[in-house]
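Below is one structure; the comments refer to it alone.
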Amino acid sequence: MRRKLVAGNWKMHGSLTENEALLSGLLAGMGSVKAGVAVCVPFPYLAQAQAKLTGSSIAWGAQNVSQQVKGAFTGEVSASMLNDFACTYVIVGHSERRAIYGESDTLVAEKFAAAQAAGLTPILCVGESLEERESGITETVVARQMDAVIAKCGVASLAKSVVAYEPVWAIGTGKTASPEQAQAVHAFIRAKVRALDAAVAENLIIQYGGSMKAANAAELLGQPDIDGGLIGGAALVADEFLAICRAA
Ligand code: PGA
């Protein structure tokens, strides 16, 4: 039985003061939560997350990582640096990274490998754009994104990762994929992995992301292949995020 995992992706939001209030709110409400919970915060706030969450049931992580180990890479942050702040997770291949910062499937696979080499659990984001969905190539796109990682790291590497299916057209738009639409792609991802390794597929946590909120979480999370959520906007409001965690 896969344990559900709800992760907040704070994106470029927050401040020391706001984070203090948000994390305090989350900690206060965790008593009734049975799912795994994590927050992926901006790099400068990792120390704050570590200080606040150590010893709690909330894990923390980052939203990006360099594919490089160390060196002259101005502005980059390595996986070992994330380890210095006891991160559990790091998001790789978020659609905003792919679209705005030009991250290719190959680069995302390299980041996935760098994260795992340092003992971090990558949350690998995959998903199609609206144009791709309307052209009927959702599965082709998601398969290509998955294949880049499988080709570089092997299917067994997925055992120490989380996959997040995030249709780009549903991110931050208020347009959620219907539970049936999301379930269909989740089932496709799991079947694809199952064809290579049945045990890895059964245990793989596949989160849904894209305008998940308290009001639609239970229905999405009730689907057989949806094992949690990667939450953007709703992760910035303690009560909203906690409601999703409780639904999970
Ligand atoms: P959203 O973002 O919940 O605000 O749609 C999800 C994500 O981008 O991870």
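Side-chain atoms are counted along with the backbone in the values below, which use heavy atoms only and exclude waters and symmetry mates. Note that this is a predicted model, so its numbers are computed, not measured. Numbering of ligands and ligand atoms starts at 1, following listing order.
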Flag the pair R133 and E128 as a salt bridge only when some basic side-chain nitrogen lies within less than 4.0 angstrom of an acidic carboxylate oxygen.
yes
Run the salt-bridge test on R98 and D105 with the 4.0 Å N-O cut-off and return the result as yes or no.
yes
May I ask you to identify the nearest protein heavy atom to atom 4 (O) of ligand 1, giving residue, atom name and distance to one decimal place in Å?
G233 N, 2.9 Å
Identify, by atom number and element, the atoms of ligand 1 in contact range of K11, meaning under 4.0 Å from any of its heavy atoms.
2 (O), 7 (C), 8 (O)
If we number the atoms of ligand 1 from 1 as shown, the ones under 4.0 Å from a heavy atom of G172 are 1 (P), 4 (O), 5 (O)
Are [X] and [Y] close enough that some pair of their side-chain heavy atoms sits under 4.5 Å apart?
| X | Y | value |
| --- | --- | --- |
| N64 | F43 | yes |
| T173 | S211 | yes |
| L158 | I150 | yes |
| E202 | R2 | yes |

Same apolar cluster: W10 and I91, side chain cutoff 4.5 Å:
no
Check for me whether [X] has a heavy atom closer than 4.0 Å to any atom of ligand 1.
| X | value |
| --- | --- |
| G210 | yes |
| A234 | no |
| H94 | yes |
| A170 | yes |

Can you find an N/O atom of G232 closer than 3.5 Å to an N/O atom of ligand 1?
yes
Between M212 and ligand 1, is there a nitrogen or oxygen pair with a distance under 3.5 Å?
no
Side chain or backbone of I171 under 4.0 Å from ligand 1, or both, or neither, by non-hydrogen atoms?
both
Which one holds for E166 and ligand 1: side chain close, backbone close, both close, or neither close, with close meaning a heavy atom under 4.0 Å?
side chain
Where L204 and S161 come nearest, the two heavy atoms and their spacing
CD1-O, 3.9 Å
